[in-house]
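Since the structure comes first, as C-alpha cells, the remarks are kept for the end.
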Amino acid sequence: MNAPDVVLVFSGKRKSGKDFTTDILLERLGTDLCTILRLSGPLKHQYAKENNLDFNKLLDATSYKEEHRAKMISWGEEQRKKDPAYFCRLAIKSASPNHKVWIISDARRQTDVAFFKENYSKQTVTIRVTAEDSVRASRGFMYTKGIDDAESECDLDHGVTWDFIISNNGNIDVLEPQLAQIIDHIQEKLTYT
C-alpha cells in the first residue's frame, strides 16, 4: 500500500464533535484527495458480528450504540491487550492508495497515536477536539461511570503534545479559522512531499 502524504490523527472526548469536524474537513478537501478512517469501525464490525448486533446502528450516535458501549469497550480492550495496534492496522486496510490524506477520526489511546507516529512519522499531524462540558451535554453527553473514566476516554488526556487543539463549542464562526489553519498546514505538507 502506498503511504499517504498526510495523516491527521484526531482525538477528543465523547460529544466533542470529532465526527462533525472531520466531516467538514473531508468536504473541504474532497473525497478524491482524502478519506476518513475510523479505528472504531473495525472494532464495531467485529463486535457486531460476534454478538449478532446491527453494525450500522453501532456506527450512529444513537441510544443503540450507547446501550452496547460498555461491553464493546471491554471487548475492544481485550483485543488491544493481545495486540495494541490491531484496530489501527485493520482501519488502514480500507484506505485507497489514491488518497493522499488520511483522517483518523477517533484515536483514543496512546498506542493509537504511537502507531501512526511510528509508521508515518513525517506525515502525522495530531489534533485534539475540545468542547465545554455544557456544550457536550447539549449534544447528548451524560457522564457514565465505567465509560467516561475508562482508558478509552482518558488515555489521551495527558502525554501527547498536540499539533493543533480545536475548540468546537458549536460556533461555526470560531471553528472555521481553526479548520483553515489545518487546511493550510495540509497544503504545505502536500507541497513539500
Side-chain angles (χ1 to χ4, degrees), residues 1 3-4 6-26 29 31 34-51 53-62 64-66 68-97 99-121 123-131 147-148 150-160 162-166 168 182 186:
M1 170 183 285
V6 182
V7 178
L8 305 173
V9 179
F10 278 81
S11 169
K13 298 287 191 181
R14 287 193 308 132
K15 302 296 183 182
S16 62
K18 296 180 299 293
D19 288 335
F20 177 77
T21 304
T22 56
D23 287 347
I24 290 174
L25 276 177
L26 178 66
L29 295 169
T31 55
C34 181
T35 188
I36 293 177
L37 303 174
R38 290 180 168 82
L39 303 183
S40 62
L43 182 153
K44 290 173 183 174
H45 185 265
Q46 192 60 36
Y47 183 79
K49 187 175 168 183
E50 289 186 17
N51 292 281
L53 299 173
D54 185 328
F55 169 65
N56 290 319
K57 283 186 178 179
L58 290 177
L59 293 176
D60 293 340
T62 62
Y64 186 85
K65 178 173 81 172
E66 295 304 322
H68 296 284
R69 185 183 290 271
K71 288 181 183 176
M72 196 166 35
I73 288 171
S74 178
W75 179 85
E77 292 305 322
E78 288 302 312
Q79 305 314 307
R80 282 186 179 85
K81 283 179 187 173
K82 298 174 198 167
D83 178 2
Y86 177 70
F87 296 112
C88 294
R89 281 196 305 281
L90 282 179
I92 65 173
K93 282 183 180 180
S94 66
S96 163
H99 291 127
K100 293 184 178 214
V101 179
W102 291 354
I103 298 174
I104 311 305
S105 66
D106 57 350
R108 294 192 170 274
R109 291 167 185 76
Q110 302 276 339
T111 54
D112 297 341
V113 174
F115 173 84
F116 291 102
K117 283 188 168 186
E118 289 167 12
N119 291 283
Y120 306 97
S121 60
Q123 300 99 319
T124 297
V125 178
T126 57
I127 303 165
R128 182 74 166 182
V129 179
T130 64
I147 292 174
D148 293 299
E151 182 179 3
S152 63
E153 282 296 312
C154 301
D155 195 40
L156 291 174
D157 290 351
H158 307 285
V160 175
W162 301 102
D163 296 312
F164 292 93
I165 298 175
I166 293 176
N168 181 23
I182 294 170
I186 293 166

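Note: hydrogens, waters and symmetry copies are ignored here, and every other heavy atom, side chains too, is used.
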Determine yes or no for a side-chain-to-main-chain donor-acceptor pair under 3.5 angstrom, with Asn168 supplying the side chain and Ser16 the backbone. yes
Asp155 side chain to Glu151 main-chain N or O, any donor-acceptor pair under 3.5 Å? no
Tested for side chain to side chain contact (heavy atoms under 4.5 Å, CB included) against Val125, the lone hit among Ile186, Ile182, Val9, Asp163 is Asp163
Pair Met72, Leu53 - check side-chain contact (heavy atoms from CB on, under 4.5 Å), show working. CA-CA 11 Å; Met72 196 166 35; Leu53 299 173; over 6 Å; no
Does any non-hydrogen side-chain atom of Phe10 lie less than 4.5 Å from one of Ile166? yes
Taking all non-hydrogen atoms of both residues, which atom of Glu77 and which atom of Ser152 are closest, and how far apart? OE2-CB, 4.2 Å
When you measure from the side chain of Thr35 to the backbone of Ile103, do you find a donor-acceptor pair of N or O atoms at a distance under 3.5 Å? no
Lys117 side chain reached by Thr126 side chain, heavy atoms, under 4.5 Å: yes
Would you say Cys34 and Leu25 make side-chain contact, with heavy atoms under 4.5 Å? no
Closest approach of Ser96 and Trp102, non-hydrogen atoms and distance? O-NE1, 4.5 Å
Over all atoms of both residues, closest heavy-atom pair of Leu156 and Trp162: O-CZ2, 3.7 Å
Is it the case that the side chain of Thr124 and the backbone of Ser121 share a donor-acceptor pair, with hydrogens and angles ignored and the cut-off at 3.5 Å? no
Show me the donor-acceptor pairs, under 3.5 Å and distance only, between side chains in residues 38-46 and residues at least two apart or in other chains.
from	atom 1	to	atom 2	distance (Å)
Ser40	OG	Asp106	OD2	2.7
Lys44	NZ	Leu58	O	3.2
Gln46	NE2	Glu50	OE2	3.2

Backbone of Val101 reached by a side-chain donor or acceptor of Gln123 within 3.5 Å: no
Using 0.5 Å steps for rounding, measure from the NE2 atom of His99 to the CD1 atom of Ile36. 10.5 Å
In this structure, CD of Gln110 is separated from CG of Asp157 (nearest 0.5 Å) by 9.5 Å
For residues Ser11 and Arg128, report the shortest heavy-atom separation together with the two atoms involved. OG-NH1, 2.5 Å
Grab the two heavy atoms, one from Phe116 and one from Asp112, that are nearest each other, plus how far apart they are. CD1-O, 3.2 Å
Under 4.0 Å between a Lys/Arg side-chain N and an Asp/Glu carboxylate O for Asp148 and Arg69? no
To the closest 0.5 Å, what do you measure between CD1 (Ile104) and CD1 (Ile127)? 11.0 Å
Distance in Å, Ser105 OG paired with Asp19 CG, rounded so as to fall on 0.5 Å steps: 5.0 Å
So which atom in Tyr64 and which in Asp54 form the shortest heavy-atom distance, rounded to 0.1 Å? OH-N, 2.9 Å
Can you find a pair of side-chain heavy atoms, one from Lys49 and one from Phe55, that are under 4.5 Å apart? no
Has Lys13 got more than 12 heavy atoms of other residues, nucleotides or ligands less than 6.0 Å from its NZ? yes
Worked check of side-chain contact (heavy atoms from CB on, under 4.5 Å) between Ile92 and Tyr120: CA-CA 12 Å; Ile92 65 173; Tyr120 306 97; 3.4 Å; yes
Could you state the interatomic distance from CG (Asp83) to OG1 (Thr111), rounded to the nearest 0.5 Å? 9.5 Å
Interatomic spacing from CZ in Arg109 to CZ in Phe87 - rounded to 0.5 Å: 8.5 Å
